[in-house]
Amino acid sequence: MADVMDVTDQTFQAEVLESDKPAVIDFWAEWCAPCRQISPIIKELAAQYGDQVKIVKMDIDASPATPGRYGIRAIPTILAFKNGQVVQQLQGARPKGDFEQMIQGLLS
């Protein structure tokens, strides 16, 4: 079972942009209630799709440079990366199906 990996400004390039498989990153913060709401969903997705898609999260307070570079203004924001490029973005607490659709899009 794959776990959700924490990435930082320092590890983002290697873990997400240079990943050999598509990646989904959850930008979150400790104080964000909707972030805590979707956390179990993100964990489930990692368990479900972890062998095909890398699922990571980034604390925007601990690593502010990367969210700034991608124009993250509200959290949670989830970005889907394929070949180092953003291909889809979701914002806010959403049902699991929305995230599954995003991942299916990465795999097609």
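Each residue takes its place number in the sequence, starting with 1.
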Inset, instruction - Tell me, please, which residues at least two apart from K54 pass salt bridge (charged side-chain N to carboxylate O under 4.0 Å, His left out). - result: E15
Legend entry - M5-V16 co-clustered via ILVMFWY side chain contacts under 4.5 Å: yes
Legend entry - disulfide bond (SG atoms under 2.5 Å apart) contacts in which one or both residues fall within residues 52-108, not counting sequence neighbours: none
Inset, instruction - Could you note down all residue pairs passing disulfide bond (SG atoms under 2.5 Å apart) where residues 35-108 supplies at least one of them, sequence neighbours left out? - result: C32-C35
Legend entry - Pairwise distance CE(M58) to CD1(I75) - rounded to 0.5 angstrom: 12.5 Å
Inset, instruction - Mind jotting down which residue pairs meet the salt bridge (Lys or Arg N to Asp or Glu O under 4.0 Å) criterion with at least one end in residues 57-78? Sequence neighbours excluded, please. - result: none
Inset, instruction - May I ask you to test the I78-P76 pair for a side-chain heavy-atom distance under 4.5 Å? - result: yes
Legend entry - Counterpart residues, side-chain hydrogen bond (donor to acceptor under 3.5 Å, both in side chains), relative to T66 (two or more places apart): D9
Legend entry - Point-to-point distance, once rounded to the nearest 0.5 Å, from CZ of F99 to CD1 of I55: 10.5 Å
Inset, instruction - Quick one: which residue pairs count as a salt bridge (Lys or Arg N to Asp or Glu O under 4.0 Å) with a foot in residues 75-93, not counting sequence neighbours? - result: none
Legend entry - V56 with I38, same ILVMFWY side-chain cluster at under 4.5 Å: no
Let me check something: any side-chain donor-acceptor pairs from residues 83-97 under 3.5 Å, sequence neighbours excluded? List them with distances.
unit_1 : atom_1 : unit_2 : atom_2 : d
Q91    : NE2    : T77    : OG1    : 3.4
R94    : NE     : Q91    : O      : 3.0
R94    : NH1    : D98    : OD2    : 3.2
K96    : NZ     : E44    : OE1    : 2.8
K96    : NZ     : Q48    : OE1    : 3.1

Inset, instruction - Please check if V53 and I25 belong to a single hydrophobic cluster, counting links between Ile, Leu, Val, Met, Phe, Trp and Tyr side chain heavy atoms closer than 4.5 Å. - result: no
Legend entry - Which atom of L106 lies closest to which atom of A23, heavy atoms considered: CD1-O, 4.1 Å
Legend entry - Cluster check L79, M102: I/L/V/M/F/W/Y, side chain < 4.5 angstrom: no
Inset, instruction - List for me each residue that meets ring-ring contact (aromatic ring centres under 6.0 Å, His included) alongside F27, sequence neighbours excluded, and say none if there are none. - result: none
Inset, instruction - Kindly write out the residues that satisfy side-chain hydrogen bond (donor to acceptor under 3.5 Å, both in side chains) with Q52, not counting sequence neighbours, or none if the list is empty. - result: none
Inset, instruction - Quick one: do W28 and I42 satisfy side chain to side chain contact (heavy atoms under 4.5 Å, CB included)? Show the steps, please. - result: CA-CA 11 Å; W28 72 286; I42 300 296; over 6 Å; no
Inset, instruction - Quick one: which residue pairs count as a ring-ring contact (aromatic ring centres under 6.0 Å, His included) with a foot in residues 51-76, not counting sequence neighbours? - result: F12-Y70, Y70-F81
Inset, instruction - Can you sort out the partners of E30 under side-chain hydrogen bond (donor to acceptor under 3.5 Å, both in side chains), two or more places apart, ordered by chain and number? - result: none
Inset, instruction - Examine distances only and state if a side-chain atom of S63 and a backbone atom of I60 form a donor-acceptor pair shorter than 3.5 Å. - result: no
Inset, instruction - Sequence neighbours left out, what passes side-chain hydrogen bond (donor to acceptor under 3.5 Å, both in side chains) with T8? Give chain and number order. - result: Q10, T11
Legend entry - Single-linkage hydrophobic cluster, 4.5 Å side-chain cutoff, I72 and V7 together: yes
